[in-house]
J.: 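Below is a structure I'd like to ask you about.
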Amino acid sequence: MSEIIYCSGPMFSPEELSTMASIATTLENAGYKTYLPQRDGIEVAKVMALVNTPIISGEIFRDIMIFVQKAVFAMDVYQVVERCNATVFNMNGRPADDGSISETGISFAVGKPIVIYKNDPRTEFNGLDNPLLTGLSYNWKYVTDISNIPTNLAVMIEKVNSAGANLYLNNPPPMVKKTLEVGKEVWEILQIIRFFEHKEKDLVTILKVLMEKLKSSANFMKFMEE
């Protein structure tokens, strides 16, 4: 398989990280490639944790976070819209993770196949979830067992692809296109520095390197000003 799957879900606690890693591993064992933000991107929770450590000052942290927030947004939009072929959304949590909701909504809006995983019995409306979330699955159903995600995803990919050509991907709106270009640039820089392989103390240095490289990018600096 050549499909790359965006693994969207909460990643702020050990349990959440473990669930997301299990989803990615299950997909990879089924032959898919995956984009797992906690492994492949900028793990915002880890950056946020630095504010409570003595290795970074508040002023430096604010400067880094301004860059990180915009870099994360652009890169995640690039992954969801352009690089990845489908999205698996872990909807566990009450409420579900807001960033993941946004990622999945973007995926739906650009016509990507989506599978929603949920085995959390908590709901918003007496046994039912918000229809604007449930409807993102196309079939109004959840997968409740991680082992069943690949099979359901294959069915959904076939269903969406057989519906016709996705013209949006060839001609996104100007502002979205600009975000995609910046996100791709951030992704390519990360492939070089691979900051997430370093220990916490090294993370500050690597983030500073990322900032310096992005400051030399006219596209990113213009993106920062908007």
Side-chain angles (χ1 to χ4, degrees), residues 1 3-50 68 72-73 75-81 83-108 112-125 127-157 187 190 194-200 203:
M1 297 178 184
E3 289 96 344
I4 303 173
I5 312 304
Y6 191 101
C7 298
S8 180
M11 54 180 189
F12 290 91
S13 71
E15 294 77 15
E16 291 170 345
L17 291 169
S18 178
T19 297
M20 294 307 300
S22 179
I23 290 172
T25 298
T26 299
L27 288 165
E28 289 159 7
N29 289 340
Y32 293 102
K33 298 176 183 178
T34 63
Y35 177 81
L36 181 63
Q38 69 202 48
R39 178 193 65 199
D40 305 319
I42 302 174
E43 190 178 340
V44 176
K46 187 178 292 183
V47 180
M48 289 293 293
L50 292 176
V68 167
V72 166
F73 174 75
M75 187 174 66
D76 283 1
V77 170
Y78 162 70
Q79 295 290 338
V80 169
V81 175
R83 183 171 178 267
C84 295
N85 305 101
T87 296
V88 170
F89 171 32
N90 173 11
M91 197 172 140
N92 282 343
R94 183 71 275 146
D97 180 67
D98 51 2
S100 303
I101 291 172
S102 178
E103 292 162 350
T104 307
I106 292 170
S107 187
F108 180 89
K112 297 295 182 75
I114 297 169
V115 165
I116 298 179
Y117 164 72
K118 184 185 179 188
N119 67 354
D120 187 336
R122 293 172 293 176
T123 60
E124 188 171 358
F125 302 116
L128 296 174
D129 287 301
N130 190 313
L132 288 176
L133 295 182
T134 309
L136 296 175
S137 66
Y138 295 101
N139 60 9
W140 296 79
K141 297 178 181 178
Y142 304 142
V143 176
T144 58
D145 189 320
I146 289 177
S147 65
N148 293 329
I149 290 177
T151 300
N152 282 267
L153 180 61
V155 171
M156 188 55 63
I157 289 174
W187 170 245
L190 281 181
R194 300 290 291 183
F195 83 90
F196 41 81
E197 293 180 357
H198 293 257
K199 295 180 180 179
E200 184 180 89
L203 181 57

J.: Out of curiosity, N148 CG to T26 OG1, how far, rounded to the nearest 0.5 Å?
T.: 10.0 Å
J.: If you take all heavy atoms of D40 and T34, which pair is closest and at what distance?
T.: OD2-O, 3.7 Å
J.: Are the side chain of E16 and the backbone N or O of F12 linked by a donor-acceptor pair below 3.5 Å?
T.: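 Judged by distance alone, yes, a pair lies under 3.5 Å.
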J.: Please report the shortest heavy-atom distance between Y138 and M156, naming the atom on each side.
T.: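 Heavy-atom minimum between the residues: CD1-SD, 3.8 Å.
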J.: Mind checking whether T87 and F108 have side chains closer than 4.5 Å, heavy atoms only?
T.: no
J.: Hey, is the main chain of D120 close enough, under 3.5 Å, to the side chain of N92 for a donor-acceptor pair?
T.: yes
J.: Does D129 form a salt bridge (charged side-chain N to carboxylate O under 4.0 Å, His left out) with R122? I'd like the steps, not just the answer.
T.: CA-CA 9 Å; D129 287 301; R122 293 172 293 176; over 6 Å; no
J.: Do the non-hydrogen side-chain atoms of Y35 and I5 ever get within less than 4.5 Å of each other?
T.: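 They are not in side-chain contact.
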J.: How far apart are the closest heavy atoms of S147 and D145, and which atoms are they?
T.: OG-OD1, 2.7 Å
J.: Donor-acceptor check, side chain of K33 to backbone of C84, threshold 3.5 angstrom: yes or no?
T.: no
J.: Measuring from atom CD1 of I114 to atom CD1 of I157, what distance do you get when rounded to the nearest 0.5 angstrom?
T.: 11.5 Å
J.: Taking only residues two or more places apart in sequence or in another chain, which ones pass ring pair (Phe, Tyr, Trp, His ring centres under 6.0 Å) with Y142?
T.: none
J.: Give the minimum heavy-atom separation between N85 and E3, together with the two atoms involved.
T.: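 It is OD1-CA, 3.2 Å.
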J.: Would you say S18's side chain and P14's backbone share a donor-acceptor pair under 3.5 angstrom?
T.: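 Judged by distance alone, no pair lies under 3.5 Å.
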J.: Give, for atom OG of S22 and atom CD1 of I146, the distance between the pair rounded to the nearest 0.5 Å.
T.: 4.0 Å
J.: Indicate the atoms forming the closest heavy-atom contact of Y32 with P150, along with that distance.
T.: OH-O, 3.7 Å
J.: State, yes or no, whether a side-chain contact exists between R83 and W187 at a heavy-atom distance under 4.5 Å.
T.: yes
J.: Could you tell me whether the side chain of S137 and the main chain of T134 form a donor-acceptor pair under 3.5 Å?
T.: yes
J.: Provide the closest heavy-atom pair for D97 versus G9 in the form atom of the first, atom of the second, distance.
T.: OD2-O, 4.1 Å
J.: Measure from the side-chain N and O atoms of S107 to the backbone N and O of E103, and report whether any donor-acceptor pair falls under 3.5 Å.
T.: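 No, the answer is negative, given that no donor and acceptor are paired below the 3.5 Å cut-off.
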J.: Would a 4.5 Å heavy-atom cut-off, applied to side chains only, mark M20 and N90 as touching?
T.: yes
J.: Could you walk me through whether L190 and M75 satisfy the side-chain contact (heavy atoms from CB on, under 4.5 Å) test, starting with their C-alpha distance in whole Å, then the side-chain angles of each, then the deciding distance to 0.1 Å, before giving a yes or no?
T.: CA-CA 10 Å; L190 281 181; M75 187 174 66; 3.4 Å; yes
J.: Any side-chain heavy atom of S8 within less than 4.5 Å of one from V88?
T.: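 The answer is no, as the side chains (C-beta and beyond) never meet within the 4.5 Å cut-off.
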J.: Considering residues at least two apart in sequence or located in another chain, which fulfil the ring pair (Phe, Tyr, Trp, His ring centres under 6.0 Å) criterion with F89?
T.: none
J.: About how many Å separate OH of Y6 and OG1 of T104, when rounded to the nearest 0.5 Å?
T.: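 It comes to 8.5 Å.
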J.: Determine the sole option in N119, I116, V115 for which the side-chain contact (heavy atoms from CB on, under 4.5 Å) test with V143 is passed.
T.: V115
